[in-house]
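Computed from a predicted structure; not experimentally measured. Each chain gets a letter, A, B and so on, in the order the sequences are listed, and its residues count up from 1. For the numbers below, each heavy atom of this structure counts, side chains included, while hydrogens, waters and symmetry mates do not.
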Amino acid sequence: MDYWIVGLLMDSHLTINPFIHQSIHPSIHYPKQMMLNFKTTEDTVNREVVILGVGMTRGGEHWGKSLRQLFVEAALAAIDDAGVDRIGSMYIGCMSSGLFNGQEHIASLMADYLGQKHVPATRVESACASGGAALRMGFMEVLSGLNEVVLVGGVEKMTDVSTDGATYALSTAADQTYESFYGVTFPGLYAMIARAHMHRYGTTRKQLAEVAVKNHLHGSMNPFAQYRQKITVDEVIHSTAVADPLNILDCSPITDGASAVILCSREIAKKFANGNPSLREKPLVKITGSGQATDTIALHSRQDITELRAVAEAAQQAYKMAGKKPGDIHLAEVHDCFTIAEICVLEALGVAEKGQGGKAAESGYTALGGRMPVNTSGGLKAKGHPVGATGVAQAVEIVHQLRGEAGDRQVKNARVGLTQNMGGTGGSCVVHIMEAL
Amino acid sequence: MITPAEYVREIPAHHRLEAGRCKKCRKIYYPARQVCPECQAREFEPLSLPREGKIVTFTVIRVAPSQFSDQAPYAMGIVEVQPGVRLLTQVVDCDLDKIEIGMPVSLEFRKIQEDGEKGVLAYGVKAVPR
């Protein structure tokens, strides 16, 4: 963690405009030492990044709302939740507004429609991990001291195109020339992971279904979930076949949605929280670990088809930064784009033994009330999967849980949460660890 | 979406199964690469992959992309042609219920898809159980 900061800040005390802080929030008094905090790497390493506000739209088919309206709705919710009235910069996770909506350059569009004149805004793309990657960019910017208040959002509007159009857009997250070319779909790629996992480890069709059943049960308690109905193992196993052995109820849906968080330094967070009655009594949520990694984009290029190396690598980075082990995590939001994905992710995170991930949902270990609840929001499966927004929405859920605002789905005494967001079949992955202060 | 330029560019890989062997560590990559991820070497020698292999894993696609929908349901598998050298392709000319992991296959030259808009016929290999 020290290394990139050194590079980033080498001469930053010479180049950063000292008035940058004043433009963030004129009503806030900044202590003198904060105005001068660019000079040493030590200060930067010691800076703490807090998620002060969160917001999201409900997942669903928002035919009446545009891409920009969805984003602004989520961003305003986060801004209001945090109680900030100005932001220093923005990062926006979005996978494919070009293919879904024929609109690129959305960082500018979103800053414009959010009314944030002239703020720096950057779109971040890493397929379905775009939101997580954007969160990491915002984390790094606050950590660096470049800006004190950063908005990280994610948005995807997927239902303006036909299902075939959406399938095509999503397929561009695979290797177009050596995977999609031959007619494979994303359910097909994950189905091949599932088949290999079942063959090698004896994972059962029922164990796959248990993941979807659990996540729908959780989603039934989340007012922001796209699907709030409970389902049964039998319904999953007998739902329409998509790519054997995966059925439609093994797959996350096509979703319109947006999510946003406000990141700031702990010092600034305390001031805002003290002035905000709804936050004053709640713990601040700090990002204590961040990791990101890649793997081969093509599934067939991996030595072990069932192993998500990018997830394992990103998780190790995040655990190390946070000083945590898998057993220290109280709850997690993981990337269950397909039921098999949650199983393989839990193994890569070190939550389950290699090959034993199928037992986690089946035994109740990852259900609400279990040892480590996973996807209390309903996960991608039930909450919905607006691809670029998903990684940020995961953080929204963890913040609600760590603040004790999760209602019926509240995990008792939750102090440490983890988010895991991945692109494609695991070609990219971002992991964050968050703790209640 | 396949453009004529891409079609021509990919003939060595898709038609002839041309791969690259790292001159330093001897690892084989399909398709050929410019940098070896194992040893960082940048020199490769071309070779053609064998046209036989076995199925590592597979699926049956029942909901297909539009340019493949007339073929659905169809099987797709990851085929290992040499230890550690794999490619993804369709598994054809067989009973979809009889495909198994470990099954030996031959890779045969076939039409893969046609792009309606540009009229490009794209060819490659498909796996046929032996």
So for [X], is it side chain, backbone, both, or neither that comes closer than 4.5 Å to the heavy atoms of chain B?
X        : value
A/Thr177 : both
A/Tyr178 : both
A/Ser171 : neither
A/Leu246 : neither

Toward chain A, the part of [X] with a non-hydrogen atom under 4.5 Å:
X        : value
B/Glu80  : neither
B/Ala13  : side chain
B/Tyr123 : backbone
B/Tyr29  : neither
B/Leu96  : neither

Can you tell whether the side chains of [X] and [Y] come within less than 4.0 Å, N to carboxylate O?
X        : Y        : answer
A/Arg309 : A/Asp295 : no
B/Arg110 : B/Asp93  : yes
B/Lys23  : B/Glu45  : no
A/Arg123 : A/Glu104 : yes
A/Asp234 : A/Lys206 : no
A/Lys354 : A/Glu347 : yes
A/Arg205 : A/Asp244 : no

Against chain A, work out which of [options] has the most heavy-atom pairs shorter than 4.5 Å and name it.
options                              : answer
B/Glu10, B/Gln67, B/Gln71, B/Gln90   : B/Glu10
B/Ile101, B/Val125, B/Leu87, B/Val85 : B/Ile101
B/Gly84, B/Pro31, B/Ala122, B/Ser69  : B/Pro31
B/Ile2, B/Leu88, B/Ile112, B/Val79   : B/Leu88

For this session: Select all residues of residues 47-64 of chain B having any heavy atom within less than 4.5 Å of some heavy atom of chain A, and report them by number, or 'none'.
Result: B/Val56, B/Thr57, B/Phe58, B/Thr59, B/Val60, B/Ile61, B/Arg62, B/Val63, B/Ala64
Within-4.5 Å side-chain heavy-atom neighbours: [X] and [Y]:
X        : Y        : result
B/His15  : B/Phe109 : yes
A/Tyr227 : A/His216 : yes
A/Leu299 : A/Glu179 : yes

Exercise. Which atoms form the tightest heavy-atom contact between A/Gln317 and A/Ala293, and what is the distance?
Worked result: NE2-CB, 4.5 Å
Exercise. Any idea which of A/Ala196, A/Ser180, A/Gly183 has the most non-hydrogen atom pairs under 4.5 angstrom with chain B?
Worked result: A/Gly183
Exercise. Quick one: of A/Thr240, A/Thr167, A/Val184, A/Thr163, who has the most non-hydrogen atom pairs under 4.5 Å with chain B?
Worked result: A/Val184
Problem set entry | A/Val236 and A/Leu208: CA distance, side-chain angles, deciding distance, side chain to side chain contact (heavy atoms under 4.5 Å, CB included) verdict | CA-CA 9 Å; A/Val236 180; A/Leu208 294 174; over 6 Å; no
Exercise. If we ignore angles and hydrogens, is there a donor and acceptor under 3.5 Å between the side chains of A/His197 and A/Thr203?
Worked result: yes
